[in-house]
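A quick write-up on the structure given underneath.
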Amino acid sequence: MNGIARVPATSSAIERGDVPEVAALGKELSELFNRLGVTQRAYALRTSVSESLVSRSLSGKRLATQDFIDRLIRETEEHHNTPMRPEVKQHLRELRLAALKATNPAEYQLETLRDELARSNRKVTRLTHREEALHLLIEKKEDELQVLRCEIAETQSDWAAEQVEAAKNAARWTEEVSGLTAERDDLTTELDELREDLRHALHFREQAERQSVELRERVLLLEEKLSEVMVSDQTTEPPLDVFLAELLEKWTCGRFHEVSKELTEASWSRQISDVVTLIEWLQEIDDKSLLDAFVENVARLRPIEDVISAGFELAALPEKVRDTKPLGQRDPIGILCNAAASSRPDGEVSQLVKYWNKITFRSEALGRRVLVRSLISQGRNVDVLALWERFRAVNVPESDILYGLSSLPSASPLHAVSQLLQEGDAGRARKLLLALLSYHNLTGYRFQEALNEIPLAHAEQFVEMIAEDFPEFPALRYLDFCVRENRYYDVAMIVRGFARRERLKQLLEALADMTRKVPRVLSFEKVGLERLHENLVAWGQMGCPTEWNFEKL
């Protein structure tokens with residue numbers, strides 16, 4: 001393993017089908033694909049790969065990647081609604097390794113070592129579990145031995161105390177003590193054997209760990225060498241200006257399939273600076289479908305670090321320039337954000353929130369936009385509390401989580417507030433409710449709908465939280481609605497809550513100010529505001545706990 005052998009089978013030989021191992025793999029994959037009952041073009045569209053890649057992989061003119069094989073297995077299992085037998089999966093794995101050995105010995109050696117490392121790690125895990133089991137068994141046997149020793153001591157004590165009367169029972173006691181002594185000896189012997197087994201297990205585990213370390217070092221060495229080979233191979237890509245010229249020529253001639261294929265490969269192979277230039281070019285030629293597909297491939301196929309960098313690169317472009325492009329509202333930052341939010345796992349979404357919160361997109365932090373899109377992609381009937389815990393587990397700041405949850409349909413967060421109140425967790429209920437209020441998701445009629453979601457048993461506690469945290473303007477919108485609908489019970493609850501919090505004066509001052517500005521406030525009726533003011537004044541004259549004159553307002 002001092003060096004990496006060069007690949008004996010050239011790409012041209014593979015294209016001609018002269019490599020029997022690759023052809024054998026393609027035949028097996030083709031048989032498996034035929035069970036799906038779809039065309040290659042439909043399958044390529046479904047898996048976001050080029051039709052050429054599917055065709056060449058199935059015909060044995062290209063070595064299929066492991067990801068391609070795994071995706072084909074999953075599609076077959078889902079189509080037939082039954083899992084594939086392990087021996088079939090192993091057979092495909094062996095065929096690919098044989099093909100890899102014939103075409104790329106270095107990568108074959110690396111794959112083999114990775115498999116060996118995985119087996120070694122599993123062996124370490126099994127031995128560790130056996131060690132833990134032996135420890136528990138030893139502790140159990142030691143406890144049993146201690147119990148027996150106590151029983152023997154108690155038996156001997158009883159025997160000594162009852163010697164006068166125990167003549168006739170001497171044989172029975174002697175036999176019982178002998179039996180217990182023999183059982184003790186057996187347990188002692190078994191305990192010694194278990195300790196010996198534990199020593200052997202520790203020895204084998206140490207050997208397996210040393211082997212794992214050696215294999216890991218060999219894997220890292222081969223990965224480094226293989227990366228050098230791959231870097232040298234990547235230098236064959238044409239310069240960006242040449243590549244753009246070729247794309248423009250194919251696009252002008254209507255060869256859109258070839259353009260799409262080239263852009264798909266460029267989305268994960270080109271440098272980020274080249275990717276940004278290609279995005280600008282797609283905006284200039286005003287091809288919405290190509291732009292969407294290209295940016296979405298960048299969001300899904302690139303490492304998360306590249307996706308983060310792409311966001312910063314696109315944000316560095318002047319916003320005026322982006323807005324004056326022919327595609328206008330199809331801002332590539334928005335496309336990148338939406339695709340990343342819907343395709344990345346929670347841990348990577350957490351990284352996007354952390355770094356992209358430094359980017360402002362249409363008056364909103366891009367990181368928060370990613371989180372909102374990720375939450376919305378969960379579906380309509382979501383478990384708000386489960387989402388809260390999921391993103392807390394990957395270190396998303398709680399303020400960002402609450403911002404995202406407030407963007408969900410109002411019924412779901414309000415149901416979560418009610419659930420938290422029922423569980424006695426008023427602190428988290430207050431946080432979630434305040435987020436809904438702060439981001440203006442509950443006002444006017446929507447607030448009334450939200451109140452209907454709160455059980456009567458928690459209505460008073462809910463109103464208390466509103467009176468403490470709810471801004472005056474949305475509160476007045478709701479109170480105005482209640483007066484016009486003759487819902488005076490709700491008015492009394494809200495106003496009493498504000499009075500208990502000593503906020504009633506601010507509420508009426510806001511009402512007076514709003515009355516003066518009625519022509520400039522949408523959705524407010526002057527008659528409704530005046531009736532609300534009259535009712536609040538009357539309620540104050542009936543004993544409102546304030547020390548100021550309502551009439552002055």
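Here Glu389 pairs with Arg392 in a salt bridge; the nearest charged N to carboxylate O distance falls below 4.0 Å. For the pair Arg71 and Asp67, the salt-bridge criterion is not met [side-chain N within less than 4.0 Å of a carboxylate O]. With salt bridges taken as basic N to acidic carboxylate O contacts below 4.0 Å, one links Lys250 and Glu262.
Crowding of Tyr43 atom OH: a count of heavy atoms from other residues, nucleotides or ligands under 6.0 Å exceeding 12. Within a 6.0 Å radius of CZ in Arg46, other residues, nucleotides and ligands contribute more than 12 heavy atoms. Surrounding CD of Gln271 are at most 12 heavy atoms belonging to other residues, nucleotides or ligands under 6.0 Å away.
In plain terms, the two heavy atoms of Val307 and Ala299 that are nearest each other are CG2-O, 3.8 Å. Contact detail for Leu29 and Ser57: the closest heavy-atom pair is CD1-O, 4.3 Å. Heavy-atom minimum distance, Val295 versus Leu336: CG1-N, 3.5 Å. Taking all atoms of both residues into account, the shortest heavy-atom contact from Val353 to Gly367 is CG2-O, 3.5 Å. Here the shortest heavy-atom pairing between Arg373 and Ala341 reads CB-CB, 3.5 Å. Taking each heavy atom of Arg344 and Glu348 in turn, the nearest pair found is CD-OE1, 2.7 Å.
Of the possible donor and acceptor atoms, one in the side chain of Glu77 sits under 3.5 Å from a partner among the backbone N and O of Met84. Ser55 contributes no side-chain N or O that, together with a main-chain N or O of Glu51, makes up a donor-acceptor pair within less than 3.5 Å. With hydrogens and angles disregarded, a donor-acceptor distance shorter than 3.5 Å links the side chain of Thr264 to the backbone of Ser260. When atom types are taken as modelled, the side chain of Arg302 and the backbone of Ile308 share no donor-acceptor pair closer than 3.5 angstrom. At least one donor-acceptor pair closer than 3.5 Å links the side chain of Arg96 to the backbone N or O of Ala64. For the pair Ser374 (side chain) and Val370 (backbone), a donor-acceptor distance under 3.5 Å is absent. With Asn338 contributing its side chain and Gly334 its backbone, the two residues share a donor-acceptor pair below 3.5 Å. Between the side chain of Thr128 and the main chain of Val124, a donor-acceptor pair closer than 3.5 Å is present. A distance-only check finds a donor-acceptor pair linking the side chain of Ser350 to the backbone of Val394 [under 3.5 Å]. The main-chain N or O of Ala339 is found under 3.5 Å from a side-chain atom of Ser342 such that the two form a donor-acceptor pair.
Summarising the geometry, atom CG belonging to Leu301 is positioned 8.5 Å from atom OG belonging to Ser343; distances are rounded to the nearest 0.5 Å. Note that the CD1 atom of Ile279 and the CD atom of Glu313 stand 10.0 Å from one another [nearest 0.5 Å]. Interatomic distance, CD1 of Ile304 versus OH of Tyr355, reported as 10.5 Å (0.5 Å rounding). One distance of note links CD of Glu246 with CZ of Arg255; it measures 9.5 Å at 0.5 Å rounding. Between the CG atom in Leu282 and the CG atom in Leu290 there is a gap of 6.0 Å [rounded to 0.5 Å]. Interatomic distance, Leu420 CG to Arg428 CZ, rounded to the nearest 0.5 Å: 5.5 Å.
Looking at Glu94 and Gln90, their side chains come closer than 4.5 Å, going by heavy atoms from C-beta outward. Proximity of Leu25 to Glu21: side-chain heavy atoms (C-beta onward) are nowhere separated by under 4.5 Å. In this structure the side chain of Glu78 reaches within 4.5 angstrom of the side chain of Glu75, judged on heavy atoms. For the pair Leu244 and Thr277, the minimum side-chain heavy-atom distance is below 4.5 Å. Proximity of Ser267 to Val275: side-chain heavy atoms (C-beta onward) are nowhere separated by under 4.5 Å. Contact check for Ile401 versus Leu387: no side-chain heavy atoms found under the 4.5 Å cut-off. For the pair Trp268/Asn297, no side-chain contact is recorded, criterion being any heavy-atom separation below 4.5 Å from C-beta on. For the pair Glu31/Lys27, a side-chain contact is recorded, criterion being any heavy-atom separation below 4.5 Å from C-beta on.
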Next item on the list: For the pair Phe33 and Leu36, evaluate side chain to side chain contact (heavy atoms under 4.5 Å, CB included) and give the outcome as yes or no after the intermediate values.
Entry: CA-CA 6 Å; Phe33 176 83; Leu36 290 176; 4.1 Å; yes
Next item on the list: Kindly indicate, with the supporting measurements, whether the criterion side chain to side chain contact (heavy atoms under 4.5 Å, CB included) is fulfilled by Val384 and Leu375.
Entry: CA-CA 9 Å; Val384 174; Leu375 291 171; over 6 Å; no
Margin query: One pair to check against side chain to side chain contact (heavy atoms under 4.5 Å, CB included): Phe391 and Asp400. What are the steps and the verdict?
Written below: CA-CA 10 Å; Phe391 283 97; Asp400 292 331; over 6 Å; no
Notebook entry, point to check: After noting the C-alpha distance and the side-chain angles of Leu278 and Phe243, does the key distance pass the side chain to side chain contact (heavy atoms under 4.5 Å, CB included) rule?
Noted result: CA-CA 10 Å; Leu278 288 169; Phe243 183 64; 3.9 Å; yes
Item checked: Worked verdict on Lys288 versus Asp292 for salt bridge (charged side-chain N to carboxylate O under 4.0 Å, His left out) -> CA-CA 6 Å; Lys288 174 182 177 297; Asp292 287 356; 3.1 Å; yes
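Geometrically, Arg62 does not engage Phe68 in a cation-pi contact, judged by NZ or CZ lying under 6.0 Å from the ring centre and within 45° of the ring axis.
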